[in-house]
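Single-structure report; data block below.
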Amino acid sequence: MTLDPAGRALSDFTVELDVYSGPYEWLLALILKEELEIFEVPLRELVGLYLSARDPGAPNTLERDTDFAGSAAALVLLKSRTLSPLAGEDEDEEGEGLSPQQLAERLTRYLMVRRGAQALRERFAANAGHYPSSHLLPPRPGRLRIDFERVLEAARRAFSRQAEPPVDHLGPITVTLQELASIIRTALVRGPVPYEELIRDMDRLRSAVTFAAALSLAHEGHLRLRQTEPLGPLTLEPLR
Amino acid sequence: MSDTPGDTPRASHLIEAILLTSSRPVTVGALSSATGLPEAEVESALYDLARRYAPGESGILLREVAGGHLLSTSPECAPAVERFRDEARPAPLSGAAHEVLACALYHGPLTRSAISGVRGVNSDAVVRNLLDRGLLAEVGTDRDAPGSPALLDVTDDFLIATGAASRGDFPPLETLVAEEELARVRERLQVEAPRPPEST
Amino acid sequence: MSDTPGDTPRASHLIEAILLTSSRPVTVGALSSATGLPEAEVESALYDLARRYAPGESGILLREVAGGHLLSTSPECAPAVERFRDEARPAPLSGAAHEVLACALYHGPLTRSAISGVRGVNSDAVVRNLLDRGLLAEVGTDRDAPGSPALLDVTDDFLIATGAASRGDFPPLETLVAEEELARVRERLQVEAPRPPEST
């Protein structure tokens, strides 16, 4: 397992697990494509691998941690979805009957896009801080047209956003890690807590963020994530 | 600047960059505080720049006006600049720009941070672009807020561009958005009551 | 002084002045039309200006982006400009946003559901944010798909923000992943080696 300190976010992180060995991002892609059963992936081991490969001094540590926590949270989200599929949710039908060739094609496509995204990240960063001239001449009166209806539409959107909690997708996060970290800490006062119990009454988004919060607390040394067997439940144990 | 000397931009470069992004004259004091350079160094850099942007040397002139320094187009280039102005197609406005304008239209005058607060994202860059384009303007300052930030409002150019005769041409916010949502917006703005769009 | 007094201004001066008044890239065609100069002369003047506004020479850079030419501040001067404006640099995009943009850049124009298909997760919220920031735009509709969904593509603002002269400025997708890596994917999935590429 290697981590290039100056390297791309997570693309150099490789994992060695019983069910899979290879780059982490492929593992992610395989699970997203439902080719690898999420229950077979020992999360504790995965987190352990990540933490032991982690170089806190690397320039992009925060980015890497965020990516890892984000993708790990997405895994938990998938797990909860597998446990309780929502009625009416149209699961990808073609996903069932994919041939290995089709799957390889899809994975290849996704991997390329992922690499393309990393290249874009670098380009955006390299081109940040170019500010244009402010010496603009106003267009001749009448040249600029602003659509009246679009202004009204923008008003509707801007002033309605507060009442629109997006929980049906992995969009903007409306709960904070801190908030859920404090819930975990409170729960741990009484001793070890099964992860499933912790998230029992939570929606998908909150349970995913709870996992990210648990990772963060584990990394800070406040708790330990224990999974005794590959298919077994995940337990959070207090350390301090 | 904590860079090695080779990496530190020259004083004249820093000032040149600042002057490109200001459509108003900038004082030596403001240049000094933005660059962290002593005023004497700023003065000397301005002297160098005045030669770089002198008549006959460049289509851009560095002028000293109203107690500050300003880049402007050279008068001899005015006909070409005017033709460009006539021919250029104004850049379309983004979704974010429409939202910022809607904020100012219905809740203006308001500060940059109030706009960002309502939209839930930092909107400084969008505001800057709209100020440059003359669709928003600074109309005063909020003396009650720390640092007395500028208050922004839509301009007559904005009204003309939308084809509206006045703010009153826009329907009241209540007809666009549910009351409970407006209450949340007001909470963020810490305003007691909505201002009718007519009152400019 | 390189001009005889009273004479017509030099081509590079005219172009410099025009570029000062634009916050968007200006095409050679537009410069030619505004200055009344043939395009070849405009190109040659731009070549001179590129040296005048080169990194290390000036705090202002002449960049060739999104099919045109644009003056902008040098990134090394950005901290001073940001202090002067008292504005924070816009927050960088998320990993998901970069993936969506890569989908549009390399596979666009394409629909929202095609983007979600490539990424394996719903991407609508990310798309909305990118539309708002002007980096993606709806450029048409897919008439063959049910409901004629909108087709999305990257914008000129995207090219400006990535410093690209055109879409062709990005490395081809095939070069981003090494063939041996792809071979390993197939191996893991127990797929036979691909047949020699068929004529497409």
Side-chain angles (χ1 to χ4, degrees), chain A residues 6 57 59 62-63 66 70 120-179 205-206 209, chain B residues 17 19-24 60 70-73 81-82 84-86 88-93 95-103 105-107 115 118-120 125 128-129 131-135 157-164 169-171 173 176-178 180-185 187-188:
Chain A
L62 181 63
E63 212 168 81
T66 312
L120 280 185
R121 182 197 293 271
E122 283 156 29
R123 278 193 84 128
F124 273 107
N127 284 282
H130 285 109
Y131 296 103
S133 169
S134 289
H135 299 264
L136 313 189
L137 295 173
R140 296 260 179 246
R143 281 303 291 261
L144 177 68
R145 296 255 169 76
I146 299 176
D147 186 357
F148 193 89
E149 285 303 321
R150 270 196 82 187
V151 175
L152 299 188
E153 187 45 48
R156 268 186 216 109
R157 209 169 50 226
F159 300 135
S160 308
R161 192 170 289 135
Q162 282 83 355
E164 190 190 351
V167 287
D168 54 339
H169 47 61
L170 272 175
I173 302 292
T174 51
V175 287
T176 65
L177 277 176
Q178 288 84 343
E179 191 187 318
L205 181 68
R206 293 178 81 85
V209 178
Chain B
L19 293 177
L20 181 73
T21 63
S22 176
S23 57
R24 291 194 212 152
I60 300 175
L70 178 72
L71 291 179
S72 66
T73 58
V81 169
E82 284 301 308
F84 174 70
R85 184 187 173 194
D86 286 338
R89 226 167 354 120
L93 296 173
H98 279 94
E99 278 193 22
V100 168
L101 288 168
C103 286
L105 175 69
Y106 282 107
H107 289 292
I115 292 174
V118 170
R119 296 192 60 232
R128 159 69 46 192
N129 178 263
L131 285 169
D132 286 347
R133 300 183 67 165
L135 298 171
D157 281 355
F158 164 79
L159 294 176
I160 293 167
T162 57
D169 277 5
F170 288 88
L173 206 44
L176 299 175
V177 188
E180 62 192 58
E181 284 160 1
L182 285 181
R184 282 194 203 91
V185 173
E187 215 170 88
R188 289 193 174 203

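In this text the structure is predicted, and so the values were computed from the model without any measurement. The analysis underlying the following values was restricted to heavy atoms, covering all of them including side chains, and did not include hydrogens, waters or symmetry mates.
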Return the minimal non-hydrogen interatomic distance between B:Leu173 and A:Ala155, and the atom names on each side. CD1-CB, 4.4 Å

Heavy-atom nearest pair, A:Ala154 first then B:Ala102, reads C-CB, 4.1 Å

Non-hydrogen atoms of chain A under 4.5 Å away: do they reach the side chain of [X], the backbone, both or neither?
X        : result
B:Ala88  : backbone
B:Ala125 : neither
B:Leu71  : both
B:Asp86  : both

State which residue, out of A:Arg157, A:Arg150, A:Arg156, fulfils the side-chain hydrogen bond (donor to acceptor under 3.5 Å, both in side chains) condition with B:Glu99. A:Arg157

Positive for side chain to side chain contact (heavy atoms under 4.5 Å, CB included) with B:Thr162, one of A:Asp147, A:Ile146, A:Leu152, A:Leu144: A:Ile146

Can you name the one residue among B:Asp132, B:Leu19, B:Asn129 that meets side chain to side chain contact (heavy atoms under 4.5 Å, CB included) with A:Ser134? B:Asp132

With the side chain counted from C-beta on, respond yes when [X] and [Y] share a heavy-atom pair under 4.5 Å apart, and no when they do not.
X        : Y        : value
A:Phe159 : B:His107 : yes
A:Ser133 : B:Thr21  : no
A:His135 : B:Leu70  : yes

Donor-acceptor contact present, side-chain [X] to main-chain [Y], <3.5 Å:
X        : Y        : result
B:Arg85  : A:Pro138 : yes
B:Arg133 : A:Leu137 : no
B:Arg119 : A:Ala158 : no

Among B:Ala96, B:Cys103, B:Ser72, who wins on heavy-atom pairs under 4.5 Å with chain A? B:Cys103

Top of B:Pro92, B:Ser22, B:Gly163, B:Gly134 for chain A proximity - count of heavy-atom pairs under 4.5 angstrom: B:Ser22

More than 12 foreign heavy atoms under 6.0 Å from CZ of A:Arg145: is that the case here? no

Walk me through whether A:Val151 and B:Phe158 qualify under side chain to side chain contact (heavy atoms under 4.5 Å, CB included). CA-CA 11 Å; A:Val151 175; B:Phe158 164 79; 4.3 Å; yes

Return the orientation label for the B:Phe170 and A:Phe148 ring planes: parallel under 30°, perpendicular over 60°, tilted otherwise. parallel

